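Here's the structure we're looking at; comments come further down.
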Amino acid sequence: MSTTLLAKLEHIGLSFGQRVILHDVSLEVYPESVVTLIGPNGAGKSTLLKVLLGLQKPAQGKVWQMPGLRVGYVPQRFQIDPLLPLTVERFIGLTPVRSSVAVVQQCAEDVGVQHLLAQPVQSLSGGEWQRVLLARALLNKPQLLVLDEPGQGVDVSGLSELYQLINRLKQSHGYGVLMVSHDLHLVMASTDQVLCLNRHICCSGQPEAVSRHPEYLRLFGDSRTAGLAVYTHHHDHQHDMHGCVVPLPASGGHKHG
Amino acid sequence: MDDFVWRALLAGLAVVLMSGVLGVFLLWRRMAYFGDTLSHSALLGVALGLMTGMNTNLWVMLVCALVALLMLYVQHNPALGSDTLLGIIGHSALALGTVALTFLPNVRVDLMVYLFGDILAVTPLDIGLTWALAVVVVAVMVWLWRPLLALTVHAELAKVEGVRVWWVSAAYMLLIALMVTVAMKVVGVLLLTALLIIPAATARRFARTPEQMALLAVVVGALALLGGMGMSLQLDTPTGPSIVVMASTLFIVTHLIPRSVS
């Protein structure tokens with residue numbers, strides 16, 4: 001892992017009216033490393049991404065980005081109005097800086113959607129659309145990739161392929177990744193740090209360390225050999241309405257802050 | 001043909017040029033209500049112009065620009081409950097304008113002219129102003145096309161990529177305010193949105209790119225203008241509503257044609 005910091009959040013706090021959305025959240029993203037945010041609906045995961053991207057001003061705390069940082073963003077799944085005639089090729093190339101046809105085609109090829117370039121964007125399946133969004137994010141050669149639930153609307157067989165693709169491209173492009181994901185079992189194997197967010201950071205840790213933990217191995221066996229890893233942990237506190245989406249093992253685990 | 005017909009055609013063509021290029025974005029951004037609120041507010045501008053004895057065009061432009069900026073503010077603060085508030089602004093301005101006009105004893109005001117337009121009465125000065133604005137609108141739209149398209153697809157994605165979303169949105173809304181000022185004379189404040197929406201919606205079926213759709217919207221608008229004026233001259237119907245009837249007819253007819261398998 002490189003020591004160059006790409007972006008950093010320090011003690012971020014945010015409320016909408018009476019409702020606390022984020023409380024004292026800090027995180028750091030480094031090149032070629034993956035930070036994954038997990039947590040229940042309404043935990044402030046997307047909002048935290050927006051704070052980092054400068055789309056949402058925090059009430060407290062500091063947002064820092066490396067000067068001149070190139071960011072690729074894959075927002076949550078969205079619909080394009082059917083009245084807008086737009087091909088995949090036009091969509092991928094719709095960044096402020098004009099890219100040549102060759103560059104757009106290369107990006108499409110990288111994510112495996114080159115055969116869809118002439119299609120209208122509205123005709124794509126969930127899995128195809130997420131790949132097209134990824135191609136758009138890759139167009140500016142990002143140093144930081146921010147992904148908001150990249151697996152949304154992708155079928156089970158496409159899901160692990162998509163995460164493998166993100167991981168494979170990470171090695172060739174060298175970007176750092178900050179993503180929100182519900183597909184824990186699929187992303188954990190390639191994640192460097194997991195943050196469990198429920199308005200504040202419930203716990204954080206390295207899945208590698210967790211998966212080598214004797215208690216973990218006793219409970220789940222060595223699933224790393226299958227290319228999968230499950231992040232399992234205890235909370236040292238509870239929430240009245242929601243817990244984290246991670247299942248709690250019967251015993252063992254480690255201490256969190 | 002009489003001179004007034006040529007004058008009407010000239011002014012009308014400039015208006016459909018603007019409405020075609022602006023209207024497609026109104027459709028894509030689902031902002032039809034925005035056109036209504038703005039054009040309804042124009043009547044308040046007319047009333048203020050007549051009351052102060054100053055240039056009506058100037059007042060309409062001013063009121064529409066203010067309302068456009070107000071709407072932009074509302075749009076960026078969703079907590080205000082935008083749809084309701086916009087409905088209140090537009091209709092209040094329309095009602096207030098109408099009431100104010102009846103209080104002007106020295107001015108003979110034909111309300112129908114403002115509500116439904118009177119393209120056959122345009123002056124050479126109107127034509128000059130309309131074409132000048134059309135040139136400005138088209139030039140700015142060509143300049144803003146790419147960022148506007150990007151923010152139409154996804155505003156936050158565009159912002160992250162470096163599009164100055166607020167400024168581009170504001171510029172687009174002010175262009176519509178400019179267009180309302182002159183288009184009012186063609187179809188009136190009540191039917192103005194129809195001129196923005198219907199030709200664009202008709203063009204969708206035949207367009208494969210955003211640019212094609214805008215150009216086709218201009219063509220459809222021009223056809224509706226010609227047809228509407230023809231109808232008005234033949235049957236002695238009001239011109240503005242006739243143009244809109246023609247636009248609607250084109251929309252329906254083109255949707256009856258079965259789509260060719262592509």
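Proteins get letters first, then strands, A, B, ... in listed order; numbering begins at 1 in each. Owing to the predicted nature of the structure, the values given are computational and were not obtained by experimental measurement.
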Does H173(A) have more than 12 heavy atoms from other residues, nucleotides or ligands lying within 6.0 Å of its NE2? yes

Using non-hydrogen atoms and a 4.5 Å limit, figure out which bit of P82(A) sits close to chain B: side chain, backbone, both or neither. both

Pick one of side chain, backbone, both or neither for Y73(A), based on which atoms fall under 4.5 Å of a heavy atom in chain B. both

Enter the distance from L94(A):CG to T152(B):OG1 here, rounded to the nearest 0.5 Å. 9.0 Å

Counting only heavy atoms from other residues, nucleotides and ligands, does the tally under 6.0 Å from CH2 of W167(B) exceed 12? no

Over all heavy atoms of both residues, which pair between T95(A) and R146(B) is shortest? Give the atoms and the distance, please. O-NH2, 2.7 Å

Looking at A150(B), P147(B), A203(B), which makes the most heavy-atom pairs under 4.5 Å with chain A? A150(B)

Segment of F91(A) engaging chain B (4.5 angstrom heavy-atom cut-off): side chain

Do NZ/NE/NH1/NH2 and the carboxylate oxygens of R70(A) and E161(B) come within less than 4.0 Å? no

So do the side chains of T209(B) and P85(A) get within less than 4.5 Å of each other, counting heavy atoms only? no

For the interface with chain B, which of V71(A), I80(A), L55(A), T87(A) has the highest count of heavy-atom pairs at distances below 4.5 Å? L55(A)

Mind ranking V163(B), V153(B), L27(B) by heavy-atom pairs under 4.5 Å with chain A and telling me who comes out on top? V153(B)

Apply side-chain contact (heavy atoms from CB on, under 4.5 Å) to the pair L149(B) and L84(A), showing each step before the final yes or no. CA-CA 10 Å; L149(B) 196 59; L84(A) 175 58; 4.0 Å; yes

For V97(A), is it the side chain, the backbone, both, or neither that has a heavy atom closer than 4.5 Å to a heavy atom of chain B? backbone

Donor-acceptor under 3.5 Å (R208(B) side chain, L86(A) main chain): no

Taking the side chain as every heavy atom from C-beta outward, state whether R90(A) and P210(B) have any atom pair closer than 4.5 Å. yes

Quick check on Q79(A): does its CD atom have over 12 non-hydrogen neighbours (other residues, nucleotides or ligands) under 6.0 Å away? no

Pick whichever of M213(B), H154(B), R29(B), K159(B) has the most heavy-atom pairs under 4.5 Å with chain A. H154(B)

Does L83(A) offer a backbone N or O that forms a donor-acceptor pair with the side chain of W28(B) under 3.5 Å? yes

